A.B. asks: 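Starting off with a structure, shown below.
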2 protein chains.
Amino acid sequence: MDIYQLRYFLAIVETGNFSRAAERSFVSQPTLSTGIKKLEAELGTTLFSREARKISLTEAGRRLLPHARTIIYECNAAKSEVSRRSPLRRLQLGLLRTAPTQRISALVNDFAKAHGDIQISIKEGAAAQLQRWLDEGRVNVALSIRPETESGLSFARLYRWKYMLAIPTSHSFASRSLIPLAELDRLDFLHRTHCEAESELTRAFANAGVSPNIVFRTDQDDKALALVSAGLGLCMMPDILSAPGIALLPVDGINIGRSIGLLWRKTEENDLIRSFQMFATSHGWYPERSGNKNLAWAR
Amino acid sequence: MDIYQLRYFLAIVETGNFSRAAERSFVSQPTLSTGIKKLEAELGTTLFSREARKISLTEAGRRLLPHARTIIYECNAAKSEVSRRSPLRRLQLGLLRTAPTQRISALVNDFAKAHGDIQISIKEGAAAQLQRWLDEGRVNVALSIRPETESGLSFARLYRWKYMLAIPTSHSFASRSLIPLAELDRLDFLHRTHCEAESELTRAFANAGVSPNIVFRTDQDDKALALVSAGLGLCMMPDILSAPGIALLPVDGINIGRSIGLLWRKTEENDLIRSFQMFATSHGWYPERSGNKNLAWAR
DNA sequence: ATCCATCCATAGATATTATCAATAGCTATG
DNA sequence: CATAGCTATTGATAATATCTATGGATGGAT
């Protein structure tokens, strides 16, 4: 497989015609014929069905097409990005699926706004898969937990959170600074089904003989926040999630936390990664410092 | 630029050494040297800084790296996907940014679950950009509105919705089947800031001399739904958004709707696109038919 | 200091091949 | 049947990817 062959291939797809594709590629028509023939030989299938006066893609050709497009696109992007003094334009970000989405999407949105010309693409996955993607170069940077094995990756911790009790500010608990776990027995609770620490929290409750009354289950933090603020129940949440109308209090007997940071390959650190790291580090985690007005509630 | 040169480049990056990279690539060491030299000449920069006993990537090299990785990855993927009878494995989906996210993410999630081996990547954008991406082959399929100009694209309408009044089921309106617009004057309302029809709705209200009292603004449908169900205000919403505790009623004097469907290039229709289209068509739009249990609330 | 091992660059030769011009073969159309 | 429009084949040629052999540079070992 060769790049020039893929260029021929695309030219034929786009002109629908070997001869015109040859013109467009500034080569003779036989050159194109043999080029495609070689490509077909290597792939072991025909790519075009040559009927009289009309050629069309075969199923194999249709399968090749998106790859060919991507490859040619990448070649052009590489040329224009490598040599010039132009800034880097593409951040491929890996995202831990269990991470708190709202705050991270605020970070990514703000970064995108601050660097309007940068293309950001996001892939979600589990921690192990993110590491694999980093190794394979499928992503540039990952937002994930610190990897256990040392493997050529740099880690910069960004955020750390503890799980606390979310209550409406109008609740009688709101004036207190620490809630004994035992007082939560039989109270109405919301369950954040997507939270990866939820099982640990449930265990902690059970060990203390406390059984909350689960009123709702949801896999979305916004919904949970809105329902807590509307007074439908309490909820254990990362202290970084917050909203007007909600107070977060530590619970005596619960000390569960997580931390998350940026991961990238040491050898492949570049301007863009550095700039994203700096942005993320200085990006306020707590809502009063967060710049994303769209996520704020307004009267 | 040539594929073999990029392979050499990657081999050097991964071995950190010309000689070992040559072994790994089954060529002689001078072959590698001249290959890289040529690549450097074409790109107009050096890619490696050759210090004694130690080579490292230059900034230009670091910029090239992700492109090179993508290109080689795509070449391999193309080979393994084109010839064999293997099913297609990658769906590049374009998503209209103003589309109702919740329902669409349910569709995509369900499709991903049903075809566990398929990689799905999503790009969001405005309608015009989605069309451009389709043309450039950056996405396979787009979920968007019907394009105005005929341009080699197929369109299959999937969903159509009208904007209706969302109220809590406990509300006094709930027993009625049609609400006159005039009755909404001065009532508490939520504003869905991200909704692209919101300005048209606001105009309709204003034309009728009705001025609702905006209590909250949010850019997230879940939050809006939760707040309506908690009784904090009413909201104009697509009738496809629904949740327990919420009723949707038509408003007399408001007849605003939208429709959305799949877009793809006629000439590039393939197994995967067909299968996604069939899945999307048969995927229940209304919640009682939707298969995604994660999005449902449970007591 | 000297020698040696390691590593990358250069030179010249060779086999491969991308390309070309010319032409043959095919198929609709008038 | 002739013609126009298209792709495939052929044989020649220029370009080049690769090879072996060698030079030059550097750092560690004796």
Side-chain angles (χ1 to χ4, degrees), chain A residues 1-58 60-62 64-65 68 71-72 75 78-79 267, chain B residues 1-62 64-65 68 71-72 75 79 267:
Chain A
M1 184 140 59
D2 246 314
I3 288 175
Y4 75 94
Q5 292 167 346
L6 295 176
R7 286 192 198 277
Y8 295 167
F9 174 75
L10 289 185
I12 296 171
V13 169
E14 276 153 32
T15 59
N17 184 308
F18 275 57
S19 306
R20 245 159 296 158
E23 277 180 54
R24 232 202 50 169
S25 307
F26 306 105
V27 294
S28 68
Q29 169 267 313
T31 299
L32 229 83
S33 280
T34 55
I36 296 301
K37 202 174 182 181
K38 227 165 233 173
L39 190 56
E40 290 177 327
E42 176 166 4
L43 295 177
T45 9
T46 60
L47 296 170
F48 297 103
S49 77
R50 287 93 156 159
E51 291 137 41
R53 327 287 277 187
K54 174 91 181 192
I55 61 169
S56 55
L57 281 169
T58 61
R62 280 192 291 274
L64 175 61
L65 188 50
I71 291 168
I72 299 305
C75 287
K79 272 185 212 168
T267 52
Chain B
M1 184 139 62
D2 246 313
I3 288 176
Y4 74 94
Q5 293 167 345
L6 296 177
R7 286 193 197 278
Y8 295 167
F9 175 75
L10 289 185
I12 296 171
V13 170
E14 276 154 31
T15 59
N17 184 309
F18 275 58
S19 308
R20 245 157 297 156
E23 278 180 54
R24 232 203 49 169
S25 308
F26 306 106
V27 294
S28 69
Q29 169 268 314
T31 299
L32 231 83
S33 280
T34 54
I36 295 302
K37 202 174 183 182
K38 227 164 232 173
L39 189 56
E40 290 176 326
E42 177 167 2
L43 295 177
T45 10
T46 60
L47 297 170
F48 298 102
S49 77
R50 287 94 155 158
E51 293 138 40
R53 324 290 273 196
K54 174 92 180 192
I55 61 170
S56 55
L57 280 170
T58 62
E59 176 66 27
R62 280 192 290 275
L64 175 61
L65 187 51
I71 291 167
I72 300 304
C75 287
K79 274 185 209 165
T267 53

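Here is the naming used below: chain letters follow the sequence lines, and residue numbers restart at 1 for every chain. Just so it is clear, the model here is predicted, and its values are computed rather than measured.
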A.B. asks: Contact between A:Ser25 and A:Leu32 at the side-chain level, heavy atoms closer than 4.5 Å - yes or no?
C.D. replies: yes

A.B. asks: Side-chain contact test, heavy atoms from C-beta onward, threshold under 4.5 Å: evaluate it for B:Leu39 versus B:Tyr8 and give yes or no.
C.D. replies: no

A.B. asks: Is it the case that the side chains of B:Thr46 and B:Thr58 hold a donor-acceptor pair, with the cut-off being a distance below 3.5 Å and no angle test?
C.D. replies: no

A.B. asks: Find the bend of the helix from C:dA1-D:dT30 to C:dG30-D:dC1 as the angle between its two terminal axes (five pairs each), to the nearest 10°.
C.D. replies: 10°

A.B. asks: Give every donor-acceptor pair under 3.5 Å between a side-chain atom in residues 10-17 of chain B and any protein atom, sequence neighbours left out.
C.D. replies:
from	atom 1	to	atom 2	distance (Å)
B:Glu14	OE1	B:Arg24	NH1	3.1
B:Thr15	OG1	B:Ala11	O	2.8
B:Thr15	OG1	B:Asn17	N	3.4
B:Thr15	OG1	B:Asn17	O	3.0
B:Asn17	OD1	B:Ser19	N	2.8
B:Asn17	OD1	B:Arg20	N	3.0

A.B. asks: Show me the pairs that pass salt bridge (charged side-chain N to carboxylate O under 4.0 Å, His left out) and involve residues 33-43 of chain A, at least two apart or across chains.
C.D. replies: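 Matches after skipping sequence neighbours: A:Glu40-A:Arg50, A:Glu42-B:Lys79.
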
A.B. asks: Check whether any side-chain heavy atom of A:Ile3 sits under 4.5 Å from a side-chain heavy atom of A:Cys75, and report yes or no.
C.D. replies: yes

A.B. asks: Classify the ring geometry of A:Phe9 against A:Phe48: parallel below 30°, tilted from 30° to 60°, perpendicular beyond 60°.
C.D. replies: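 It falls in the tilted class, 30° to 60°.
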
A.B. asks: Can you name the residues that form a side-chain contact (heavy atoms from CB on, under 4.5 Å) with A:Thr34, not counting sequence neighbours?
C.D. replies: none

A.B. asks: Starting at CZ of B:Arg7 and ending at P of D:dT18, how long is that distance when rounded to a whole Å?
C.D. replies: 12 Å

A.B. asks: In this structure, how many angstroms lie between the P atom of D:dA8 and the CG atom of A:Leu39, rounded?
C.D. replies: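 Value for this atom pair: 13 Å.
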
A.B. asks: Considering only heavy atoms of chain A and a distance under 4.0 Å, specify the first and last nucleotide of DNA chain C in 5' to 3' order that meet this criterion.
C.D. replies: C:dT17 to C:dA28

A.B. asks: Is the backbone N or O of A:Ile72 less than 3.5 Å from a side-chain atom of A:Arg7, with the two atoms forming a donor-acceptor pair by type?
C.D. replies: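 No, A:Arg7 side chain to A:Ile72 backbone: no donor-acceptor pair under 3.5 Å.
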
A.B. asks: Heavy atoms under 4.0 Å, any strand shown: does A:Phe48 hit a base, just sugar-phosphate, or nothing?
C.D. replies: nothing

A.B. asks: Can you name the nearest heavy-atom pair linking A:Leu6 to A:Ala68, along with the distance?
C.D. replies: CD2-CB, 4.1 Å

A.B. asks: On DNA chain C, check which nucleotide each of B:Asn17 and A:Tyr8 is closest to and give me the residue with the more 5' one.
C.D. replies: B:Asn17

A.B. asks: Would you jot down, in residue-number order, the residues of residues 18-38 of chain B having a non-hydrogen atom under 4.0 Å from DNA chain C?
C.D. replies: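 Per residue number, the list reads B:Phe18, B:Ser19, B:Arg20, B:Gln29, B:Pro30, B:Ser33, B:Lys37.
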
A.B. asks: Before giving the answer on side chain to side chain contact (heavy atoms under 4.5 Å, CB included), spell out for B:Ile36 and B:Gln5 the whole-Å C-alpha distance, their side-chain angles and the decisive distance to 0.1 Å.
C.D. replies: CA-CA 6 Å; B:Ile36 295 302; B:Gln5 293 167 345; 6.0 Å; no

A.B. asks: What is the distance from CG of A:Asp2 to C1' of D:dA15, rounded to the nearest Å?
C.D. replies: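 In whole Å, D:dA15 C1' lies 14 Å from A:Asp2 CG.
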
